[in-house]
Amino acid sequence: MLEIRQNIATREWVIVSSERAKRPEDFAQERRGARGPRPGYVADCPFCPGNEEMELERLRMPAQGDWHLRVVQNKYPALREQGERERRSDGINYAISGVGYHEVVIESPLHNTCPALETVDEIERTLTAFRLRSEVIRADSRIEQIVYFKNHGPDAGTSLAHPHTQLLALPMVPYSIRSRVDAARRYFDDHGLCVLCRMREHEERERVRIIWESEHFTAFIPYAAYSPFHLWIVPRRHQAGFMDATAVEVRDLSEVLRAVLRKIYFGLHDPDYNYIIRTAPECEQRLGYLHWYVSIVPRVTRTAGFEMGSGMFINTTPPEESAQFLRSAQEA
């Protein structure tokens with residue numbers, strides 16, 4: 001099979017090329033034994049207990065005693081918290097002052113864990129920390145977009161091995177997010193339906209690309225996934241923003257996220273990956289055509305000149321085969 005598929009939620013095109021195909025198990029074989037054992041404590045790790053920089057701390061769980069999770073300001077932030085949001089132009093070029101928030105959620109005092117090995121309670125604690133900090137940050141009128149993400153492994157962009165996630169609050173809506181919002185709006189204008197709801201319902205009917213289902217979420221590999229094993233976790237209840245989720249839904253998401261990441265961890269031998277919570281811009285939380293979700297992208301392939309030159313991706317493993325492989329993945 002060789003065809004060009006379109007993701008109806010993003011309007012992006014992807015080449016699905018079985019002519020250059022790899023079997024899903026080939027990716028697992030390449031990763032076998034790639035990441036060796038790590039100690040639970042590293043003396044010079046800035047995130048390990050005993051190395052706390054209290055002036056950077058924003059949140060601690062629990063508030064007293066030995067901590068299970070901490071949120072700290074990034075020591076080398078991409079954005080600064082102080083200052084006014086100012087838009088500037090010299091008539092040609094355009095800029096906005098780099099104000100915002102850049103925080104790190106230290107998920108555990110253990111240096112050698114990761115979400116796939118954490119308990120549901122620990123994952124829920126991370127998601128709760130995102131929400132608690134967002135309640136504070138979104139009150140800042142300078143902020144237009146909050147981005148939640150995890151980099152796991154050097155190929156995914158992490159520079160510290162200690163398990164952590166990050167939150168960036170931006171004074172503008174990035175183009176890639178704005179284009180997804182516009183695609184969702186156009187789909188709603190054309191069909192009168194939420195595109196994420198329709199994709200999820202279609203996957204639940206077809207049942208060929210689904211990885212995991214729960215009461216409140218469905219995890220599946222999109223029809224036009226741009227890389228092998230790239231999957232989405234979509235809420236069944238229509239809601240624009242991550243902050244709209246109920247406590248019950250956050251707990252359920254924690255269970256689904258753990259289950260799916262364990263499939264990836266054991267099936268593909270702990271590959272590097274990114275996960276992103278894709279949520280509506282702050283000023284568009286009540287728009288009926290937007291729907292938040294979680295995207296997980298295992299870094300099992302590399303982008304090259306074609307991707308950079310065209311903006312398209314080549315997926316060498318059909319999404320149906322990737323989904324079948326992950327569904328059948330067994331824990332070691």
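Only heavy atoms go into these numbers, but all of them, side chains included; no hydrogens, no water, no symmetry mates.
Residues Val297 and Phe313 fall within the same hydrophobic cluster, defined by Ile, Leu, Val, Met, Phe, Trp and Tyr side chains chained together at heavy-atom separations under 4.5 Å. One hydrophobic cluster, built from ILVMFWY side chains closer than 4.5 Å, cannot hold both Val136 and Leu168; they sit in different ones. Residues Ile277 and Val173 fall into different hydrophobic clusters, defined by Ile, Leu, Val, Met, Phe, Trp and Tyr side chains chained together at heavy-atom separations under 4.5 Å. Cluster membership for Ile233 and Val120, using ILVMFWY side-chain heavy atoms within less than 4.5 angstrom, is not shared. There is no path of hydrophobic side-chain contacts, each under 4.5 Å, that joins Tyr293 to Val147.
In this structure, Trp67 belongs to a hydrophobic cluster whose other members, linked by side-chain heavy atoms under 4.5 Å apart, are Phe47, Leu56, Val72, Val104, Ile106, Leu160. Residue Val42 is found outside any hydrophobic cluster, as its side-chain heavy atoms come under 4.5 Å of no other Ile, Leu, Val, Met, Phe, Trp or Tyr.
Counting heavy atoms from C-beta outward, Val181 and Pro281 have side chains that approach closer than 4.5 Å. Side-chain contact check for Tyr76 versus Ser159: every heavy-atom pair is 4.5 Å or farther apart. Side chains of Pro46 and Lys75 form no contact here, defined as non-hydrogen atoms less than 4.5 Å apart. Glu81 is not listed as a side-chain neighbour of Asp140, based on a closest heavy-atom distance of 4.5 Å or more. Between His68 and Pro62, the closest side-chain pair of non-hydrogen atoms falls below 4.5 Å. Between Tyr273 and Leu268 the shortest side-chain heavy-atom distance does not fall below 4.5 Å. The closest side-chain heavy-atom distance from Leu117 to Tyr265 is below 4.5 Å. Two residues are said to be in side-chain contact when any heavy atoms from C-beta on lie closer than 4.5 Å; Val99 and Glu84 fail this criterion.
A tilted orientation is assigned to the rings of Tyr226 and His230, their planes being inclined by 30° to 60°. By the 30° and 60° cut-offs, the orientation of the rings of Trp292 relative to Phe217 is perpendicular.
Taking 4.0 Å as the cut-off between side-chain N and carboxylate O, Glu103 and Arg133 count as a salt-bridged pair. Look at Glu118 and Lys150 and you find no salt bridge, because none of the NZ, NE, NH1 or NH2 atoms lies under 4.0 Å from a carboxylate O. For the pair Glu284 and Arg185, the salt-bridge criterion is not met [side-chain N within less than 4.0 Å of a carboxylate O].
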Working for side chain to side chain contact (heavy atoms under 4.5 Å, CB included), residues Tyr187 and Ile8 | CA-CA 8 Å; Tyr187 192 90; Ile8 61 172; 4.1 Å; yes
Start with the C-alpha distance between Arg5 and Asn315, add both sets of side-chain angles, then the distance that settles side chain to side chain contact (heavy atoms under 4.5 Å, CB included), and finish with yes or no.
-> CA-CA 10 Å; Arg5 298 182 177 184; Asn315 188 342; over 6 Å; no
Take Trp232 and Leu196, measure what side chain to side chain contact (heavy atoms under 4.5 Å, CB included) needs, and give me the verdict at the end.
-> CA-CA 10 Å; Trp232 290 2; Leu196 263 294; 3.9 Å; yes
What's the verdict on side chain to side chain contact (heavy atoms under 4.5 Å, CB included) for Gln145 and Met172, showing C-alpha distance, side-chain angles and the deciding distance?
-> CA-CA 6 Å; Gln145 181 72 52; Met172 34 62 73; over 6 Å; no
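At most 12 heavy atoms of other shown residues, nucleotides or ligands fall within 6.0 angstrom of atom CD in Glu215. Around CZ of Arg302, the count of heavy atoms belonging to other residues, nucleotides or ligands within 6.0 Å does not exceed 12. Applying the 6.0 Å contact sphere to OH of Tyr94 captures more than 12 heavy atoms from other residues, nucleotides or ligands.
No donor-acceptor distance shorter than 3.5 angstrom exists from the side chain of Arg85 to the backbone of Gly100, with no hydrogens or angles considered. Glu122 contributes a side-chain N or O that, together with a main-chain N or O of Thr119, makes up a donor-acceptor pair within less than 3.5 Å. Side-chain atoms of Asn51 come within 3.5 Å of backbone atoms of Ala43 as a donor-acceptor pair (strictly under, hydrogens ignored). At least one donor-acceptor pair closer than 3.5 Å links the side chain of Gln285 to the backbone N or O of Ala280. For Thr279 (side chain) and Phe242 (main-chain N/O), a donor-acceptor pair under 3.5 Å exists by modelled atom type. Listed for the Asp244 side chain is a donor-acceptor partner under 3.5 Å among the backbone atoms of Gly241. Glu307 places a side-chain N or O within donor-acceptor distance of the main-chain N or O of Ala304, the cut-off being under 3.5 Å. Looking at Ser97, its side chain does come within 3.5 Å of a backbone N or O of Glu86 through a donor-acceptor pair. A donor-acceptor pair is defined here as one N or O able to donate and one able to accept, closer than 3.5 Å; such a pair exists between the side chain of Arg142 and the backbone of Gly83. Judged by distance alone, with hydrogens and angles left aside, the side-chain atoms of Glu57 form no donor-acceptor pair with the main-chain N or O of Glu53 at under 3.5 Å.
Pairing each heavy atom of Ser134 with each of Leu167, the nearest pair is OG-CD1, 4.0 Å. Among all heavy-atom pairs drawn from Cys197 and His238, the shortest one is SG-ND1, 3.5 Å. In terms of heavy atoms, Ala9 sits closest to Ala183 at O-CB, 3.4 Å.
A side chain to side chain contact (heavy atoms under 4.5 Å, CB included) with Val294 is found for exactly one of Leu253, Leu127, Val256, Val260, namely Leu253.
For the side chain to side chain donor-acceptor pair (under 3.5 Å) condition, the pairs that include at least one residue of residues 248-257, sequence neighbours left out, are Asp121-Arg251, Glu124-Arg251, Ser214-Asp252, Arg237-Glu249, Thr246-Glu249. Sorted by first then second residue, the ring pair (Phe, Tyr, Trp, His ring centres under 6.0 Å) pairs that include residues 99-121, not counting sequence neighbours, are His111-His162. Under the salt bridge (Lys or Arg N to Asp or Glu O under 4.0 Å) criterion, the residue pairs touching residues 226-236 are Glu204-Arg236, Glu213-Arg236, with sequence neighbours excluded.
Note that CD1 of Ile221 is 4.0 Å distant from CD1 of Ile211, once rounded to the nearest 0.5 Å. One finds the CZ atom of Arg60 at 9.0 Å from the CG atom of Asp66 (value rounded to the nearest 0.5 Å). To the nearest 0.5 Å, the span separating CG on Leu257 from OH on Tyr275 amounts to 5.5 Å. In this structure, the separation between CZ on Arg200 and SG on Cys194 is 8.5 Å, given to the nearest 0.5 Å. Within the model, atoms CG of Leu326 and CD1 of Ile296 stand 9.5 Å from one another, a figure rounded to the nearest 0.5 Å. For the atom pair OG of Ser227 and CZ of Arg299, the computed distance is 7.5 Å after rounding to the nearest 0.5 Å.
Not counting sequence neighbours, Tyr289 has no partner by the ring pair (Phe, Tyr, Trp, His ring centres under 6.0 Å) test.
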